[in-house]
Structures are given as C-alpha cells and as structure tokens.
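Below: one structure, written as structure tokens.
Every chain is numbered from 1 and lettered A, B, ... according to where its sequence line falls, protein lines coming before strand lines. What's counted below: heavy atoms across the whole structure, side chains too, no hydrogens, waters or symmetry copies.
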Amino acid sequence: MAKHKIIMNNVSAQIADKAILNNISLRVDDQEHIGIIGPSGSGKSSLIRTINGLLPISSGTIEIDSQTITASQPSADCSKIGMVFQDYALFPHLTVLENLTLSPTLRNENSTRDIKDRAFSLLDKVKMNGFGNRFPASLSGGQQQRIAIARCLMTEPEILLLDEPTSALDPEMIHEVKSVLEGLMQSQLSIIIVSHDISFIKTTTNRVIFMDEGKKLSDQATDLFFTQPENERQISFIQQLDH
Amino acid sequence: MFDLLSALDFLSFGFYPDIDKWRLVLAIVIIPMHAVLTVFCVKNRYRLSYCLVLTLGLQMLTLWLSIGDGAILRSVKLDELSGLCLNLLLAYWSIPLATILAAGICFILINASSKSLAYILGLFFDLIRSLPLVTLLFFNTLILPMLFNPKLIITRLEAAWITLIFFLCAYTIQIFLGAYEAISYHQHESAKALGISGWKKYRHIDLPQMLKHSLPALISTYIGMIKDTTLVMIIGLADSLGNLQLLISRNAYKHYYIEFFFILGFLFWLTCTLCGWWGKQLERTSNYGKT
Ligand SMILES: Nc1ncnc2c1ncn2[C@@H]1O[C@H](COP(=O)(O)OP(=O)(O)O)[C@@H](O)[C@H]1O
Ligand SMILES: [Mg+2]
C-alpha cells in the first residue's frame with residue numbers, strides 16, 4: 001500500500017474571522033496526482049496554501065512526512081514543497097538563472113557549481129535553454145511560467161502545489177506550459193493541481209477533489225468523478241462544464 | 001582690487017590653506033568618479049556589498065583628504081573647510097550614509113518582531129522629519145552640548161554633518177517604505193514558498209527592488225539635500241553663501257553681488273542637474289529587461 005505523503009485532519013482556516021476552509025480532511029499518497037476543482041472563491045487556493053504554510057490554519061492538523069502543522073505550530077520547513085502560482089511571481093530584478101539559483105544558494109546546500117548545473121538542466125527540461133541571462137519582463141507569460149516551474153523544482157521538492165498554472169495564459173502559451181506539466185506528471189512527485197482545465201485534469205490526475213464554499217464536497221477517483229458524480233452541486237458543476 | 005579668479009577661489013575654498021588645496025580638489029573630483037562607479041556597479045550587477053565597501057572606502061578617503069590629519073598629510077583644522085567645497089562635501093558625506101542608515105532602519109521597521117523598537121524608531125524619525133532643519137542644526141550645535149557633557153566637544157561641522165545625515169535619513173526611510181509597498185505580495189509569497197525569509201529576503205528580494213522603485217524620489221531628495229547644505233551658514237559655518245557675503249562686504253566686490261549670486265546659482269544648478277542626470281543613468285541601467 002502506498003504511504004501517505006500528506007494527511008490533513010479536520011483543517012479549518014479563517015482570514016479576518018471569515019471562515020475560508022471548513023473541516024477539510026484529505027490524504028495524499030506518495031506519487032499521487034490530485035486535481036482540485038470548484039467555482040472561484042471556493043477555497044481551492046486556500047487549501048493548497050495551508051500545506052506550505054502560506055495560510056495559517058485555525059484548527060486541525062496537517063502531517064507532511066514527519067512534520068506536523070497545527071494552529072499553534074506553523075510550518076517550519078517547506079523545502080520539500082514546491083509551489084507554482086497563477087501569476088508566475090518571478091523576481092523581476094533577477095535574471096532567469098538568478099531566479100533559479102537564489103533559493104538553493106541562500107540555503108547553502110550545494111556548491112555554486114552544482115546549483116548552476118542543476119539550473120541549466122532544469123532550463124533544458126522546461127525548454128528554456130539559452131534564456132538564463134534574460135530578465136522575466138522580457139519573456140512571454142508562458143515562458144515565465146515555465147521558468148517558475150523550473151524554479152520550484154530547484155530545491156528538489158517531493159510535493160508540488162500548482163495553483164491554476166495556466167489560467168493567466170492565452171491558448172498558445174497554455175499549450176507549451178501544459179506540455180512541460182505533462183512531463184512533470186510522469187515523475188515521482190506528489191502533485192496537487194488546481195485547474196479549470198478539465199481535459200488536463202482528466203488526463204493527468206488520479207483523483208479529483210471538488211470544493212465549494214470552503215468545504216470538500218467530493219473526493220473521487222478521476223474517472224468516477226465525471227461519470228458517477230456524488231452530489232447535486234457536483235452534477236450541476238459538471239453540467240456547466242459541458243456547455 | 002577686483003580679481004575674478006581670486007574671488008571664485010574664495011567662494012570655492014574659503015580660507016583653506018593654499019598648499020593643501022589640491023587635497024580638496026581631489027576630494028571633490030572623487031565625488032563624480034564615485035557616481036560613475038556606482039552606475040558601473042549597477043550596470044554590471046555587482047553585489048550590493050561591493051557597492052557598500054566602495055562607498056564607505058571613498059567616504060573615508062575624502063574625509064581623510066579634506067580634514068584628516070596624520071603622518072602623511074598636514075593636519076587641517078575643521079573650521080578651515082569652507083566655501084562651495086563645504087557644501088559639496090557635506091552633501092557627499094551625508095547622502096550615502098543616510099541612505100545606508102535608512103536601508104538598515106527599514107529592515108527593522110519591516111521585519112521587527114518587537115513592535116516597541118519599531119515604534120520608538122518611528123517616533124524618533126517622525127520627530128526629525130517634523131522639525132525644520134534650521135531648528136535641528138541650532139539644537140544640535142548649541143543646545144545639545146549644553147544639555148550634555150560640555151567637555152564632549154563636537155565641532156559645529158560634525159554636529160551639522162550628523163544632523164544632515166539624520167534629517168535626510170528620516171525622509172529616505174519614508175521613500176523606502178513606499179517603495180517596499182510597491183513590491184507585489186506575490187513576490188512575498190513566492191519568497192516564502194521558496195524558504196527565503198528575514199535578512200536574506202530583505203537583502204536579495206526587497207532591498208534591490210526598493211532601491212530601484214525609489215530612485216526618482218531619492219534623487220530629488222538628494223538634490224534637496226545639496227541645497228539644504230547652505231543652511232549650515234546659520235550656525236556659523238562659512239559655506240559658499242557665507243563666503244559670498246564676506247566677499248561682497250569688501251569694497252572691491254560690493255557692486256557685483258548680483259553677478260556673484262548668479263555665478264553661485266549657476267554652480268548649484270550645475271551640481272543639481274548633474275545629480276539628476278546621474279539618477280536618470282541609474283534608472284536606465286536598472287530597468288531589468290523592460291523596454
Ligand atoms: N486575503 C484575503 N482576505 C479576505 N478574504 C480572502 C483573502 N484571500 C481569499 N479570501 C477569500 O477566501 C475565499 C477563498 O479564496 P480562494 O482560496 O482564493 O478561492 P479559489 O482559489 O477557489 O478561487 C474567497 O471567498 C475569498 O474571497
Ligand atoms: Mg485561486
């Protein structure tokens with residue numbers, strides 16, 4: 001049986017006394033790929049942001065490997081968790097190469113040489129060879145997002161959180177980013193992806209979680225999710241997708 | 001007898017001893033060189049720490065050249081430093097130090113875990129910002145020595161220098177804080193997701209962008225500082241304006257005071273324009289791939 005990578009137990013979170021997440025329990029296995037879908041404002045981003053400590057939780061526990069996150073004990077080390085944001089969030093004053101090497105260099109884990117070698121091989125992997133000395137502002141959205149993906153892989157994460165990685169892109173760029181993401185999906189990582197791209201979710205994930213109003217409404221294997229929906233809200237959501 | 005050259009000489013150097021004037025000239029020449037080197041550092045994206053070492057080194061060098069005493073150079077009395085050189089050097093000795101100090105204080109204000117320290121710092125610099133520079137100059141040169149140990153003699157020049165640094169710093173802090181707000185929260189989040197925090201985040205992510213965002217406002221504050229150095233006349237330092245008044249009180253020159261005011265005005269205009277142009281160069285070299 002696969003071992004659990006992330007275990008969320010009754011996690012709730014609030015921002016300024018407004019409940020954002022409501023009693024969510026979730027297990028993510030090693031190497032499992034999970035898709036999160038749901039309407040805007042349903043708490044999809046908030047859910048994955050609790051995992052790497054960007055959003056503090058107000059009750060419940062999150063276990064990641066041996067580390068436990070609670071309300072009173074926020075996450076200490078997220079080096080094993082990589083995150084890609086909807087709007088890339090590259091550092092504009094650093095070149096592509098510096099964006100990649102900054103975090104590992106500051107952590108002082110490897111020699112500068114190793115870090116650079118790794119950066120170049122990742123640039124190769126996201127098909128951005130030769131862009132190392134460019135600044136983010138001189139790249140297209142799709143290129144920036146691929147750099148952002150490479151950047152979060154620099155620290156060799158075991159868990160990858162992708163928050164609508166293609167939503168800010170136009171169709172042509174979506175394609176190039178998706179092909180990079182599909183490559184990632186072949187690897188040994190545990191991945192949680194928030195996306196409105198249903199065909200992508202269908203082809204790349206094992207399990208789908210449906211969220212609405214801060215609650216987890218369903219949690220099914222991907223093929224079952226679309227063929228045998230569990231509740232009314234999910235049925236109407238899927239019907240809307242078909243139109 | 002009217003003698004334009006010696007009048008200009010007096011406006012620029014005052015009573016600084018003739019045989020040592022080369023030292024002042026050298027110190028003044030270092031200022032634009034430092035400016036050019038800074039643009040060079042930004043262009044080649046050298047580490048901020050290199051710029052810091054360069055700046056502190058050149059500050060020491062110019063201090064030593066103009067008022068230093070020691071085995072190698074003849075000792076010059078502080079009071080002998082006057083004229084336009086005093087204005088330029090005072091500005092040059094305040095601007096970089098105030099900027100460095102402000103950058104450090106902003107780190108505390110932004111990251112302080114103890115709210116009280118941030119509060120006290122905020123209050124202190126708010127006070128400095130709310131008082132006219134003239135008042136501060138008077139207070140620090142005349143009243144402060146009376147309140148504290150009178151034996152603790154700091155010269156008027158030193159008092160003026162420190163006052164200018166803190167005064168400029170108070171403004172620069174606010175400019176930096178505004179520039180910090182301009183950094184998108186996405187970047188703070190991605191820094192956190194990448195495990196970059198505290199001083200390392202400030203040094204590598206916040207500060208470089210703060211410096212860039214604040215350039216236009218910084219430069220105009222610097223220009224204001226260059227002009228504000230003429231206020232030291234009020235506490236009895238013979239800056240260029242002071243020397244000008246001395247000059248036109250002499251018979252030979254008294255009919256030309258408008259001309260001399262214009263000459264001095266022109267020199268200030270030139271200095272400030274060069275400073276503004278330098279700022280433009282800095283902005284151009286740090287535009288990070290935007291066209
Ligand atoms: N910083 C914030 N302050 C207040 N409310 C917020 C904040 N961030 C998110 N929310 C609220 O939390 C809810 C969930 O947001 P989010 O997780 O971003 O939804 P999704 O990613 O599914 O669109 C929304 O109702 C949103 O209004
Ligand atoms: Mg979202």
When you look at CZ of B:F124, are more than 12 heavy atoms from neighbouring residues, nucleotides or ligands closer to it than 6.0 Å? yes
Heavy-atom pair with the smallest gap, counting every atom of B:R45 and A:T95: NH1-CG2, 3.6 Å
Heavy-atom contact with chain B under 4.5 Å, split by part of A:R49: side chain
Separation between CG of A:L94 and CD of B:Q209, rounded to the nearest 0.5 Å: 7.5 Å
For residues A:F85 and B:A193, report the shortest heavy-atom separation together with the two atoms involved. CZ-CB, 4.2 Å
What is the minimum heavy-atom distance between B:K192 and A:G53, and which atoms define it? NZ-O, 3.3 Å
With a 4.5 angstrom heavy-atom cut-off, could you sort out which part of B:I196 is near chain A: side chain, backbone, both or neither? side chain
Smallest separation among heavy atoms of A:L106 and B:K200, with atom names: O-NZ, 2.9 Å
Mind telling me whether B:Y288 and A:H93 have parallel, tilted or perpendicular rings, with 30° and 60° as the class edges? perpendicular
Under 4.5 Å from any heavy atom of chain B - which part of A:L90: backbone
Heavy-atom distance under 4.5 Å to chain B: side chain of A:Q86, backbone, both or neither? neither
Scanning both residues in full, the closest heavy-atom pair of B:S190 with A:A89 reads OG-O, 3.1 Å
A quick test of your reading: do over 12 heavy atoms of other residues, nucleotides or ligands sit less than 6.0 Å from CD of A:E182? yes
Check each atom of A:I81 against the heavy atoms of chain B and say whether the ones under 4.5 Å are side chain, backbone, both or neither. backbone
Counting only heavy atoms from other residues, nucleotides and ligands, does the tally under 6.0 Å from NZ of A:K116 exceed 12? no
Chain B contacts, top residue of A:D87, A:L102, A:L139, A:L161 (heavy-atom pairs, under 4.5 Å): A:D87
